[in-house]
Number of protein chains: 2
Amino acid sequence: MTTDSAQKIEINLINALEDRGLRKTSARAAVTQRIEAAGDAFTAEQLCRELPEVGRATVYRTIRHLVDAGALCKLPILDGAPMYSVARVEHHHHTICSRCGAVGEFRHSTVERVMRSLEKEIDGDIVGHRMEIFITCNQCLADNAKGDSHA
Amino acid sequence: MTTDSAQKIEINLINALEDRGLRKTSARAAVTQRIEAAGDAFTAEQLCRELPEVGRATVYRTIRHLVDAGALCKLPILDGAPMYSVARVEHHHHTICSRCGAVGEFRHSTVERVMRSLEKEIDGDIVGHRMEIFITCNQCLADNAKGDSHA
DNA sequence: TTTTAATTGATATTGAGTATCAATAAGGAA
DNA sequence: TTCCTTATTGATACTCAATATCAATTAAAA
């Protein structure tokens, strides 16, 4: 803590669990460290494969706790298991590369403004929303330009 | 066809299948009729239960064909099986009541405009998007006002 | 320490959805 | 109409994700 730490959003998942009154165990430490280290979005099964020393049930339970704590976002993937990504930005939306599956985050004030304007048109009370943008990420665009059809 | 039929969007699911070169069978007729009659969004398993005379595999296959044909929308539901609803509006988004699960459709030009403005901010090519609005529908609001906590 | 309750993880189970494949039905040709 | 080819069906077995069970273990408060 050399400088004021209020700026940086702490991505300390194990703390998020402790804050909920959960115990600090080696299994939970292994799961949260792995998630923090990877950085990318992941599926529950991927995590299980990467952490064979942690029981499958525990991996799933820990993920659920992190989602409940708001520390992980659960993204619904059509035709596939949901993916999880660390919530870095307070309220945000996701970009998902339809080629490689890379997940990004963004927030855009206009989106929120649109939501408010929609309230008039919609039959009922708005209680939330979800939005995903499907992209071809720059990496995939570059790969495509190089390799093209004959890999 | 008393008047010009161009106005009304035909919701003829069996025709959508025929247009794709698929045969008109009694099983497909049963599935599509049921979907049209219900009107509401549904899950694959619900349809299977309502149509015990049609094999489970056939129900799933028919749904898939209808989605491929663009006649059904497949909505990802977190913590649950995807729901399907008949696509009545060309490009649109969905409202989902978080109490009763009722699904509605809407389109809003501002949403599309926002999408275009996002292109500058996003790192890659936008190839699509999805948006769901979670609501408490008027029906549920009314039920709540009446019954309240002591059903 | 000791104690108590939370946690773990091997295993069984559930549920959604798909693959298989012999029997059947659709629909064009003769 | 009848025949023939091919699509379709549906019972069954299977895969995969995820949860329930529960005895053994471990965290952390006393």
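Chain letters run A, B, ... following the sequence lines, proteins first, then strands; residues in each count from 1.
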May I have the list of side-chain donor-acceptor pairs in residues 61-71 of chain A shorter than 3.5 Å, sequence neighbours left out?
| from | atom 1 | to | atom 2 | distance (Å) |
| --- | --- | --- | --- | --- |
| A:Arg61 | NH2 | A:Thr58 | OG1 | 3.3 |
| A:Thr62 | OG1 | A:Thr58 | O | 2.8 |
| A:His65 | ND1 | A:Arg61 | O | 3.3 |

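Other residues sharing the hydrophobic cluster of A:Val127, ordered by chain and number and joined by side-chain separations under 4.5 Å: B:Leu75, B:Ile77, B:Met83, B:Ile96, B:Val103, B:Phe134. Other residues sharing a hydrophobic cluster with B:Val111 under the 4.5 Å side-chain heavy-atom criterion for ILVMFWY residues are A:Phe106, A:Val111, A:Val114, A:Met115, A:Leu118, A:Ile122, A:Ile126, A:Met131, A:Ile133, A:Ile135, B:Phe106, B:Val114, B:Met115, B:Leu118, B:Ile122, B:Ile126, B:Met131, B:Ile133, B:Ile135.
A donor-acceptor contact under 3.5 angstrom links the side-chain atoms of A:Arg61 to the base of C:dG9.
Judged as a ring-ring contact (aromatic ring centres under 6.0 Å, His included), and not counting sequence neighbours, the contacts of A:Phe42 are A:Tyr84. B:His129 is linked by a ring-ring contact (aromatic ring centres under 6.0 Å, His included) to B:His91, B:His93, counting only residues two or more places apart in sequence or in another chain. Under the salt bridge (Lys or Arg N to Asp or Glu O under 4.0 Å) criterion, A:Arg56 pairs with A:Glu45, not counting sequence neighbours. A search for side-chain hydrogen bond (donor to acceptor under 3.5 Å, both in side chains) contacts involving B:Lys24 returns nothing, not counting sequence neighbours. Residues that satisfy the side-chain hydrogen bond (donor to acceptor under 3.5 Å, both in side chains) test with B:Glu50, not counting sequence neighbours, are B:Arg34.
One can place CG of A:Leu17 at 16 Å from P of C:dA6, the figure rounded to the nearest angstrom. Put simply, CD on B:Gln46 is 14 Å from C1' on C:dG15, counting in whole angstrom units. Distance B:Arg20 CZ to D:dA7 C1': 16 Å, rounded to the nearest Å. To the nearest angstrom, P of C:dA16 lies 12 Å from CD1 of B:Ile63. The nearest whole Å value for the distance from the CG atom in B:Leu47 to the P atom in D:dG10 is 14 Å.
Applying the salt bridge (charged side-chain N to carboxylate O under 4.0 Å, His left out) test to residues at least two apart or on different chains, none of the pairs has a partner in residues 114-124 of chain B.
With B:Arg28 as reference, B:Ile14 is the one residue of B:Val54, B:Val59, B:Leu13, B:Ile14 to meet the side-chain contact (heavy atoms from CB on, under 4.5 Å) rule.
When heavy atoms are screened at a 4.0 angstrom cut-off, B:Arg28 is found touching the sugar-phosphate backbone but no base atom.
Taken residue by residue, residues 50-60 of chain B places heavy atoms nearer than 4.0 Å to DNA chain D at B:Glu53, B:Val54, B:Gly55, B:Ala57, B:Thr58. Within residues 70-83 of chain B, no residue has a heavy atom under 4.0 Å from DNA chain D.
Of the two residues contacting DNA chain C, namely B:Ser26 and B:Glu45, the nearest-nucleotide position lying further toward the 5' end is that of B:Glu45.
Using a 4.5 Å cut-off on side-chain heavy atoms (C-beta onward), B:His94 and B:Ser85 make contact.
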Write out a two-atom table: protein N or O, nucleotide N or O from nucleotides 28-30 of chain D, distance below 3.5 Å.
| from | atom 1 | to | atom 2 | distance (Å) |
| --- | --- | --- | --- | --- |
| D:dA28 | OP1 | A:Lys24 | N | 3.3 |

